[in-house]
There are 2 protein chains.
Amino acid sequence: MQNSTLTTGQSKGEQLLFLTDDQLRQGIELMFFAYRCFTADPDRILENYAYGRAHHRAIHFINRRPGLTVNDLLDILGVTKQSLNRVLRQLVEDGLVDSRVGRTDRRQRNLFLTDKGQALEQELSASQRVRMRRAYSTAGPESVQGFRTVLEQMIDPDLRERILRMMETRA
Amino acid sequence: MQNSTLTTGQSKGEQLLFLTDDQLRQGIELMFFAYRCFTADPDRILENYAYGRAHHRAIHFINRRPGLTVNDLLDILGVTKQSLNRVLRQLVEDGLVDSRVGRTDRRQRNLFLTDKGQALEQELSASQRVRMRRAYSTAGPESVQGFRTVLEQMIDPDLRERILRMMETRA
DNA sequence: AGTTTATGTCAGTCTTGTTGACTTTCCAAG
DNA sequence: CTTGGAAAGTCAACAAGACTGACATAAACT
């Protein structure tokens, strides 16, 4: 009975045993727990600054793509402008983010991290990289390749395309 | 310059190139986007029932370990009892969860899904399993193994132990 | 009998998301 | 040059879901 519930339309060949509902459910739980640990590190740091996860995300992607517009960021984060604006205003007020009027289109705002912002970004991402590095090196390169492949496939195709393009065109 | 920032103490051998800061950052972003897509499916379903992600998590683990106590669930979810209680009370009121007084220790409450609860669980987890199955089958068994290995390593050791034990002792 | 444990509850706060309405700025098409 | 609409910012109100702290109750343990 155990581990034998095959998914619809799957033959019982050994090569497909990783698609049982049980295996899928285990993957689902691993995602839940891993993500929680993954966000716990920066969350602890953010407490000291009275910021939240939303601030972290903004800082991360501004660092990733310096000069991106508010609309770009909205697109990436998938939240409303009102929600992002609250966070962004704080970061600008606190001198972590520089919001410059667009040169070609002056309606737009190009976002940059200040030195202070970069310092926090470094601190936050360092804490996550420590965890990733440990997991990667314990698991080994082949596992990491598989990890990346599956995660990519979990992302909606149109979003995946945008992300992969973003990752290629790195600073 | 690109993709060449080695992490502290890493030799430049090809076998360790997957530990550059860039690679780690890409892993971090993949986690962010994949998790968002991963939760988007059940979130859409939950809207129809006026429930949130917290309800989903409770339902998931009650289904996973029928008869678990409130304390067990608190331990797994890592939230406060006040936070869980709000959710649990709703689920009991709405007839999705059955809270029975413990037989050996009558202070405890053993939690079970009702038929109605199981139906919703099925609907929710099915939507996630569709995504997982698609990702798994596209990526292939070797990638899935790597995916699982890395995720396990991302989880704090003590929590990891408990989870793996939970996965083994499946219903 | 007193203490600890498991659970439940009330009140209040915070972050982060939402919607809706409105203004300002500015580009571009008519 | 005027005007329509897009981009951005702002204000207000609200909800979910996390938190803390205090307190209640029942049961079990010592």
Side-chain angles (χ1 to χ4, degrees), chain A residues 32 35-36 39-40 42-62 67-94 97-112 124, chain B residues 32 35-36 39-40 42-60 62 67-94 97-112:
Chain A
F32 169 66
Y35 193 78
R36 207 178 53 184
T39 52
D43 281 354
R44 269 189 293 274
I45 295 168
L46 289 159
E47 275 180 18
N48 307 329
Y49 296 86
Y51 290 143
R53 216 172 279 180
H55 302 83
H56 181 194
R57 289 198 284 259
I59 288 171
H60 174 96
F61 287 106
I62 295 172
L68 91 173
T69 66
V70 173
N71 244 4
D72 291 342
L73 193 50
L74 283 175
D75 219 43
I76 291 170
L77 296 178
V79 296
T80 58
K81 60 175 179 172
Q82 294 91 331
S83 194
L84 175 59
N85 198 256
R86 195 190 314 134
V87 163
L88 227 41
R89 192 171 47 216
Q90 278 182 276
L91 293 175
V92 170
E93 277 173 9
D94 297 351
V97 168
D98 196 5
S99 172
R100 302 182 203 156
V101 172
R103 289 197 301 174
T104 54
D105 185 338
R106 287 174 38 183
R107 287 169 301 181
Q108 296 182 336
R109 299 290 180 278
N110 295 110
L111 304 171
F112 301 87
L124 291 168
Chain B
F32 168 67
Y35 193 77
R36 205 178 53 184
T39 53
D43 281 355
R44 268 189 294 274
I45 295 169
L46 289 160
E47 273 181 21
N48 307 329
Y49 297 85
Y51 290 144
R53 218 172 277 180
H55 302 82
H56 181 194
R57 290 196 285 258
I59 289 172
H60 174 96
I62 294 172
L68 91 173
T69 66
V70 174
N71 245 2
D72 290 343
L73 193 49
L74 282 175
D75 219 44
I76 290 171
L77 296 178
V79 296
T80 57
K81 61 172 179 174
Q82 295 92 329
S83 198
L84 176 59
N85 196 255
R86 192 192 321 131
V87 163
L88 225 41
R89 193 171 45 213
Q90 277 182 276
L91 293 175
V92 170
E93 277 173 8
D94 296 352
V97 168
D98 196 5
S99 171
R100 302 183 204 154
V101 172
R103 288 197 303 172
T104 55
D105 186 337
R106 288 175 40 188
R107 288 171 303 179
Q108 297 182 336
R109 298 291 179 275
N110 294 112
L111 305 171
F112 300 88

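Numbered from 1 within each chain, the chains take letters A, B, ... in sequence-line order. Small disclaimer: the values here were computed from a predicted structure and weren't measured.
The distance from atom NZ of B/Lys81 to atom C1' of D/dC19 is 14 Å, rounded to the nearest whole Å. Counting to the nearest Å, the C1' atom of D/dG17 and the CG atom of B/Leu88 are 14 Å from each other.
Taking every side-chain heavy atom of B/Gln108 into account, C/dA6 is the closest of C/dC26, D/dC19, C/dA6. Picking from D/dA7, C/dT18, D/dC19 the nucleotide with the shortest atom distance to the side chain of B/Ser83 gives D/dC19. Relative to the side chain of A/Ser99, the nucleotides D/dT20, C/dT18, D/dG9 differ in distance, and D/dG9 lies closest. Of the candidate nucleotides D/dA18, C/dT16, D/dG9, D/dA18 has the atom lying nearest to any side-chain atom of B/Arg57. In the set D/dT20, C/dT18, C/dT16, the nucleotide with an atom closest to the side chain of A/Val79 is C/dT18. Looking at the side chain of B/Arg107, the nearest of the listed nucleotides C/dA6, C/dG8, D/dA8 is C/dA6.
Of all the heavy atoms in B/Gly67 and B/Asn110, the pair that sits closest is O-ND2, 2.6 Å.
At the phosphate of C/dT7, neither OP1 nor OP2 sits under 4.0 Å from any side-chain N or O atom of B/Asn85. B/Arg89 has a side-chain polar atom (N or O) that falls below the 4.0 Å cut-off from OP1 or OP2 of C/dT9.
Using a 30° and 60° split on the angle between ring planes, B/Phe32 and A/Phe61 fall in the tilted class, from 30° to 60°. Between A/Tyr51 and A/Tyr49, the two ring planes are parallel [angle under 30°; tilted spans 30° to 60°].
Looking at heavy-atom distances under 4.0 Å, A/Arg53 makes contact with sugar-phosphate atoms alone, never a base.
For the pairing with A/Arg89, the side-chain contact (heavy atoms from CB on, under 4.5 Å) check across A/Val87, A/Leu91, A/Asn85 returns one residue only, A/Asn85.
Remark: B/Arg36 CZ to B/Asp43 CG distance equals 11.5 Å, nearest 0.5 Å. If you take CG on A/Leu73 and CZ on A/Arg109, they are separated by 14.5 Å, rounding to the nearest 0.5 Å.
In this structure, the side chains of A/Leu88 and A/Leu111 come closer than 4.5 Å at one or more pairs of heavy atoms.
Residues A/Gln82 and A/Asp105 both approach DNA chain D. Their nearest nucleotides, taken by heavy-atom distance, put A/Asp105 toward the 5′ side.
A heavy-atom distance below 4.0 Å to DNA chain C is reached by none of the residues of residues 70-77 of chain A.
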